[in-house]
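Here is the structure we will look at.
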2 protein chains.
Amino acid sequence: MTEAEDRRAQILDAAFEEFSTKGFKGATIKSIAGAAGVQSPALIYHYFPDKEALFNAVLETHAPIRSAVEDPTAFMDRPPEEVLPEIAQAYFATVSNPVAQRMMKLMVGEALRRPALAEVLGRATVARILDSLKKYLSRQVELGRLRPHDVRSSARAFVGMLVPQAAGRIFLPALREDGLTDKEHIETAVGIFLEGLRPER
Amino acid sequence: MTEAEDRRAQILDAAFEEFSTKGFKGATIKSIAGAAGVQSPALIYHYFPDKEALFNAVLETHAPIRSAVEDPTAFMDRPPEEVLPEIAQAYFATVSNPVAQRMMKLMVGEALRRPALAEVLGRATVARILDSLKKYLSRQVELGRLRPHDVRSSARAFVGMLVPQAAGRIFLPALREDGLTDKEHIETAVGIFLEGLRPER
DNA sequence: CAGTATTGACAGAACGTTCAATCAAGAGTA
DNA sequence: TACTCTTGATTGAACGTTCTGTCAATACTG
């Protein structure tokens, strides 16, 4: 009851929480209302036409979680020894952010069942990150800082290398048991990647 | 009605199909009964105590999808230039198998919401694969075929490198648009990995 | 007083689950 | 062989619950 100021936002927050933990089907209008501190589920229909619309509104609200690859021109010409660890670090920072974590759970969980969402997730997020990375890696090949190779593959490899560690943070706690820290992983994995693409003398 | 022989298996198949595409909540007893070619949902309760038990039975039925890392001793001493591409190939073969695809969708989708399942998925599958890989990589370092490094990290990096390509096959078709084939990806990515860990002279 | 926010009550549908009844097939018995 | 008994498989109907969405009445606010 602390802030009855903006009910819409309050409901959106609660819906985000519920959808991300229980999924679209698992979260109910009632449970969302409860989480939002609202007495009656009917109020939700005062702000949103139906459950589906509420779900889409939640997605839109949290859409602008743009990755660290915001301004491609900024790092285009900087050397990979600097840029790649920075990207990796930004990636893990994002993955450690609870809100971003919920967003990922939500998107992945629903995209598995909804092709339309998979399309959005793939194109607007993953493919975009990969494209930025491909451009950067191509540029670095041009500059002679990396040996010539297929950047479609190296871009996938680079982001992929970070995925299992991220998965350990987000939903597979069993992977944390060997105690590898994000910092250590960045150091080793990025090291392998750079060494593997070092131009021949 | 072609095979009224083993109804239990028939129901399990249908339930697997339904659970993997719609999720536990999304799949209904009715829809499962329909998919199994059974007239009445009641029949399902003749074979399984309740929906949850049916779900667990489905998981158990498809549990023994052991990865290609079955017999660790077999490839322990073989050189990484041979073994790693083979593992990657086996990985993509698994990922291309429709049944395995459904299993992955099912496990990942539900593990996001059920910590107990995440524990199983993490420990029994992912962690096990990583452990095998760690042992193999350690052994290769011992043999002087790879330079000394943190194998916890390189194991993650290796399987991770393959993940985005696999995701493109399973549920993010947008990633397929640049046309990179599995074979090409294996060649480039494994190449980077091996070059990145080549022992110094 | 006018308009919006909020509520409890409610309808209709769908859900998981239970139940009594039917059916086909085999065992036992005369 | 004929007849009953028994059992597991299968079904349609029904139960209680829960869900989404509607509605009219009330509370709040300017």
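Bear in mind the structure is a predicted one, so any value in this text is a computation, not a measurement. Labels below follow one simple rule: chain letters A, B, ... track the order of the sequence lines, proteins then strands, and each chain is numbered from 1.
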Exercise. Could you state the interatomic distance from CG (A:Leu162) to CD (A:Gln89), rounded to the nearest 0.5 Å?
Worked result: 11.5 Å

For this session: Return no unless some side-chain N or O of A:Arg7 is found under 4.0 Å from OP1 or OP2 of C:dA5.
Result: no

Problem set entry | Nearest-angstrom distance from the residue atom CG of A:Leu43 to C1' of D:dA24 | 16 Å

Problem set entry | Cation-pi, A:Phe171 ring and A:Lys105 (6.0 angstrom, 45 degrees) | no

Exercise. In whole angstrom, what separates B:Tyr47's OH from C:dT17's C1'?
Worked result: 18 Å

Just list the side-chain donor-acceptor pairs under 3.5 Å for residues 111-118 of chain A, sequence neighbours left out, or say none.
residue  : atom : partner  : partner atom : Å
A:Arg113 : NH1  : B:Ser20  : O            : 2.9
A:Arg113 : NH2  : B:Glu110 : OE2          : 3.4
A:Arg114 : NH1  : A:Glu52  : OE2          : 2.7

For this session: For B:Ile11 and D:dA9, give me the distance from atom CD1 to atom P, rounded to whole Å.
Result: 10 Å

For this session: Nearest whole angstrom, please: distance from the P of C:dA5 to the CG of A:Asp6.
Result: 10 Å

Exercise. For A:Ile44 and C:dT7, what is the distance between atoms CD1 and C1' respectively, to the nearest whole Å?
Worked result: 13 Å

Exercise. Hey, does the side chain of A:His46 come within less than 4.0 Å of C:dT6's phosphate (OP1/OP2), counting only N and O?
Worked result: no

Exercise. Do the ring planes of B:Phe19 and B:Phe55 sit parallel (below 30°), tilted (30 to 60°) or perpendicular (above 60°)?
Worked result: perpendicular

Exercise. Which residue pairs satisfy the salt bridge (Lys or Arg N to Asp or Glu O under 4.0 Å) criterion with at least one member in residues 157-170 of chain B, sequence neighbours excluded?
Worked result: B:Arg169-B:Asp182

Nucleotide N/O of nucleotides 18-22 of chain D paired with protein N/O under 3.5 Å:
residue : atom : partner : partner atom : Å
D:dT20  : OP1  : A:Ile29 : N            : 3.4
D:dT20  : OP1  : A:Lys51 : NZ           : 2.9
D:dT20  : OP2  : A:Ile29 : N            : 2.9
D:dG21  : OP2  : A:Tyr45 : OH           : 3.0
D:dG21  : OP2  : A:Lys51 : N            : 2.9

Exercise. Is there a donor-acceptor contact under 3.5 Å linking the side chains of A:His185 and B:Ser153?
Worked result: yes

